[in-house]
Structure formats: structure tokens, C-alpha cells
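The structure under discussion appears below in the form of C-alpha cells.
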Amino acid sequence: MTQQIDKPNPSTYLGKGKVEELRDEIAARNASLIVFDDELSPSQGKNIEDATGQRVMDRAELILDIFAVRARSSEAKMQVELAQLQYMLPRLTRMWAHLEKFRGGIGVRGPGETQLETDRRLINHRIKLLKQRLGEVQKSREVQRSGRREAFRASLVGYTNAGKSSILRGMGHDDRVFVEDRLFATLDPLTREIDLGESAKVLLTDTVGFIRKLPHNLVASFRATLEEVNEADLLLHVIDASHYNWEEQRDVVDQVLAELGAAEKPVLYVFSKIDAVPEEELAALRVRIGNLLPNSVFVSAMTEAGLDPLRRALMATARKGTTLEELRLPVGDGKLLAQIYREADVIGQTTSNGEIVLRARLPESVAARLTKAGVRISRSS
Ligand SMILES: Nc1nc2c(ncn2[C@@H]2O[C@H](COP(=O)(O)OP(=O)(O)OP(=O)(O)O)[C@@H](O)[C@H]2O)c(=O)[nH]1
Ligand SMILES: [Mg+2]
């Protein structure tokens with residue numbers, strides 16, 4: 001059911017006549033649940049329930065429900081529970097009414113003020129506890145993260161179902177990455193080390209998908225997870241090129257990124273699922289995007305080669321900020337030599353005057369560490 005209206009009615013969202021229409025519709029269809037594709041205020045939800053006699057769910061509650069079903073890790077579960085409790089708090093009176101109805105008592109009185117107060121206190125207590133625990137999880141993750149600070153990091157972000165996990169799966173050759181044709185298949189961030197070849201590596205992180213009108217509680221409680229985004233050197237904004245509405249989806253993602261304080265991050269736009277776009281359309285899209293968003297690549301996760309443009313772009317970016325150096329170390333220090341090959345992009349190796357001389361690309365941080373380990377480094381011409 002839709003309605004043209006200047007602005008939603010503050011007490012019933014729909015206009016008065018529409019509410020009556022809705023009531024008739026419910027009776028005619030014998031419906032037991034009403035879902036609104038928008039967020040309702042607590043009183044709007046209650047008033048519509050009172051007027052129709054049926055359970056009302058708004059967009060936020062529905063999204064929270066889906067999240068609750070998908071949550072796997074204890075962190076994701078805590079984040080969802082926190083968001084659900086925050087959603088519930090101002091709606092407690094109504095939630096109680098459902099409970100009473102469910103028990104089926106005739107003339108059962110409401111819980112009364114004192115019971116409501118108790119519940120409110122309990123919920124507030126639980127919210128505090130969850131926030132505390134999530135804070136601890138976040139701290140331990142920061143410790144983990146500091147261990148991999150040296151590496152070049154990229155985060156996959158984008159609208160839900162855009163193909164983020166498929167890209168991680170394809171790039172990492174890892175079938176354990178969960179992919180499914182459903183909303184919010186991924187809730188927990190997942191990081192894989194991706195070998196780009198020529199000893200260039202990137203830490204690629206998959207994140208929860210965004211959606212239009214994402215409930216605010218949810219954004220807030222997933223902030224810790226999405227901090228991965230703020231840690232990244234580069235954001236890979238995945239856009240489903242086969243979706244008729246990809247432009248709006250892109251705007252939504254940009255908005256959420258701005259809310260997360262990540263609007264200034266370098267972004268590479270990754271147009272995905274191009275195998276599902278008709279050829280002429282794709283050609284036109286490439287031309288248009290080439291002018292609009294020059295820093296973009298077109299990929300498909302369906303074939304190995306389909307991801308090559310992304311590999312090349314990542315390689316180029318990973319190389320920026322690295323310089324070509326000449327490295328000298330004593331012949332025979334196999335351990336040090338192995339470390340160099342592991343951490344730098346070695347281009348050539350010779351021996352001169354009892355020393356191994358390497359030409360290699362490496363970031364400052366690695367150069368500093370190798371110098372400490374006994375390698376002599378000078379800028380190569
Ligand atoms: N045709 C085609 N389908 C794809 C491609 N990449 C992903 N898909 C399909 O799109 C759906 C969503 O893919 P996911 O990788 O799970 O998407 P996601 O962005 O991780 O989704 P969420 O985790 O829910 O946010 C799945 O059914 C995939 O099989 C592609 O390159 N081509
Ligand atoms: Mg996913």
C-alpha cells in the first residue's frame with residue numbers, strides 16, 4: 001500500500017482515511033502482520049496497532065530481525081542485541097501489550113508502571129554491560145591489528161548483496177568465504193592476505209553491507225566492526241553494475257561512510273557483476289564511468305580473469321608510497337636474505353665485494369626494520 005502525502009502523519013504515519021483502508025485490507029486478507037518500509041516513531045507504531053488490532057513492524061525492526069538471524073560470532077550477536085534493546089527501550093509499553101495478547105488472557109491488566117520501570121532498569125543495565133563487553137572485544141582487536149600495521153590494507157565496502165564477499169573469495173581463492181544471494185550474508189569483518197604476485201601483498205577485509213535507511217542504532221553498534229574501514233589505506237567501494245538502481249545504492253554507501261567519518265579515505269570504485277550486464281549497456285557504462293569516476297575498475301567474480309583489473313589496480317596502489325632502494329648485506333646471511341624477499345619486492349640480485357646487493361621496492365616502515373636488522377640501504381638511482 002502506498003500513499004501520496006506531503007509529510008507523514010505524526011500520530012499514525014498514514015492519513016486517517018488510509019488507516020481505515022488498511023484496516024479493511026487486513027480484514028479482507030486475514031493478515032496478522034503489517035510491515036512498514038520506513039522507520040515509525042514509537043507512538044506511530046502503537047497507534048496503528050491500536051487502530052488495526054494487528055502487529056506492526058517497521059523497517060528498522062525488520063532489518064534488526066534479519067541481522068539477529070544472521071549473526072554468528074559472539075561479537076555480531078552482542079552488536080545486534082545492543083541495537084535491538086536500544087530499539088525496544090522507547091517501545092516497551094507496546095512490547096508488553098504483545099506479550100499480554102500472546103498469553104491470551106481476557107481483561108489482563110497491563111504490566112503497570114512498576115513492572116515497566118523494572119524492565120527499563122534491567123534493559124538499561126544490559127545495554128551498559130553489552131557496551132562494556134564490546135569495548136573489550138574492540139580493544140583486543142586493536143592489539144591484533146597493530147601486529148599487521150606494516151601491510152597495505154584495503155577494505156571492501158558497499159551495498160548489501162553487491163558482491164563484496166565474492167570478490168574476497170575470488171581474490172583469496174578461499175571457498176570458505178560465505179557468499180549468498182540474500183541481504184546481510186556477511187556480518188563479521190573477515191580479513192585475508194592476498195598475494196598479488198611479484199611479492200606484492202594486500203590485506204583485504206570484507207565488511208557488513210550497507211542499506212538504504214539503515215537503522216541508526218545499528219550503525220552505532222556496528223561502529224566497532226566498521227572501524228576496519230577507518231584503518232584501511234584504501235576503500236574498495238563495490239557497486240553492483242547489474243543492479244538497475246546502483247546509483248542510489250552508491251549514494252547510500254557514501255552517506256554511511258561519511259557518518260563513519262571515512263569520507264576522506266582514498267576510494268577505488270569496483271563495478272561488479274559485469275558478466276550480468278548486456279554488452280552494449282556495459283560499453284556505454286564504461287564510457288560514462290570513465291568520465292565520472294576515473295578511479296574505477298570493472299570486474300566479475302565469476303571467472304579468475306574477471307578479477308584481474310582489480311588485482312592490477314591494487315598492485316599499482318600498493319606500490320605507491322614505496323621506493324626503489326639498493327640493499328646490501330653480507331653473503332651467507334640466509335635468514336636476513338629470506339626476510340628481505342618476504343617483505344620487499346626484490347627486482348634484482350647480484351654479489352659484489354663479498355656482499356649481496358639487491359634492488360628492491362619497499363615501504364619506509366620495512367626499510368627501517370631491515371636497517372635495524374643489519375641491512376645497509378641506499379636510495380637506488
Ligand atoms: N553474475 C554474477 N553474480 C555475482 C557476482 N558476484 C557476486 N554475485 C552474486 O551476488 C550475490 C551476492 O554476493 P555476495 O558476494 O554474497 O555479496 P555481498 O556484497 O558480500 O553481500 P552481503 O554480505 O549481504 O552484504 C550472490 O548470489 C553471488 O553469487 C558476479 O561477478 N557476477
Ligand atoms: Mg558478504
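We count ligands from 1, going down the list as the structure has it; atoms in each ligand are counted the same way.
Considering each of S166, S272, S242, the one bringing a non-hydrogen atom nearest atom 6 (N) of ligand 1 is S166.
Each protein N/O/S atom under 2.8 Å from the Mg ion (ligand 2) was counted, for a total of 2.
In terms of protein heavy atoms, atom 28 (C) of ligand 1 is closest to V179 CG1, 3.8 Å. Nearest protein heavy-atom neighbour of atom 23 (O) of ligand 1: T186 OG1, 2.8 Å. The protein heavy-atom contact nearest to atom 27 (O) of ligand 1 is D181 CB, 3.2 Å. With respect to atom 24 (O) of ligand 1, the closest heavy atom belonging to the protein is A185 N, 2.8 Å. Closest protein heavy atom to atom 10 (O) of ligand 1: K273 NZ, 2.9 Å. Of all protein heavy atoms, the one closest to atom 17 (O) of ligand 1 is G163 N, 3.1 Å. Residue, atom and distance of the protein heavy atom nearest to atom 25 (O) of ligand 1 are K164 NZ, 2.9 Å. Among all non-hydrogen protein atoms, the one lying nearest atom 32 (N) of ligand 1 is D275 OD1, 2.7 Å.
Side-chain atoms of K213 come within 3.5 Å of backbone atoms of D37 as a donor-acceptor pair (strictly under, hydrogens ignored). Between the side chain of K265 and the main chain of N230, a donor-acceptor pair closer than 3.5 Å is present. With hydrogens and angles ignored, the 3.5 Å screen pairs no side-chain donor or acceptor of Q3 with any backbone N or O of K18.
Per-residue contacts place T160 under 4.0 angstrom from the following atoms of ligand 1 (heavy atoms of the residue considered): 22 (P), 24 (O), 25 (O). Near S165, meaning under 4.0 Å from one of its heavy atoms, ligand 1 places the atoms 15 (O), 18 (P), 20 (O). Residue A301 has at least one heavy-atom neighbour below 4.0 Å for each of these atoms of ligand 1: 6 (N), 30 (C), 31 (O). If you number the atoms of ligand 1 from 1 as listed, the ones under 4.0 Å from a heavy atom of G209 come out as 25 (O).
Aromatic ring centres of Y159 and F210: separated by at least 6.0 Å.
For ligand 1, the polar-atom distance check against I274 finds no nitrogen or oxygen pair separated by under 3.5 Å. Considering backbone and side-chain N/O of D206, none are found under 3.5 Å from N/O of ligand 1. On a distance-only criterion, V208 and ligand 1 share no N/O pair closer than 3.5 Å.
Sparse packing is recorded around CG of N353, with 12 or fewer heavy atoms of other residues, nucleotides or ligands lying under 6.0 Å away. Around the NZ atom of K46, the shell of radius 6.0 Å holds no more than 12 heavy atoms that belong to other residues, nucleotides or ligands. Within a 6.0 Å radius of NZ in K16, no more than 12 heavy atoms belonging to other residues, nucleotides or ligands are found.
In N161, the parts holding a heavy atom less than 4.0 Å from any atom of ligand 1 are both the side chain and the backbone.
Looking at R126 and E81, their side chains come closer than 4.5 Å, going by heavy atoms from C-beta outward.
Here the shortest heavy-atom pairing between P309 and F298 reads CG-O, 3.5 Å.
With 3.5 Å as the limit, one finds no donor-acceptor pair spanning the side chains of N47 and T12. For the residue pair Y13 and D58, no side-chain donor N or O sits within less than 3.5 Å of a side-chain acceptor on the partner. With no hydrogens or angles considered, a side-chain donor-acceptor pair links N245 and E248 at under 3.5 Å. Y341 and Q349 share a donor-acceptor pair across their side chains, judged by distance under 3.5 Å alone.
When each of T207, D206, T205 is tested with T191 by the rule side-chain contact (heavy atoms from CB on, under 4.5 Å), just one qualifies, namely T205.
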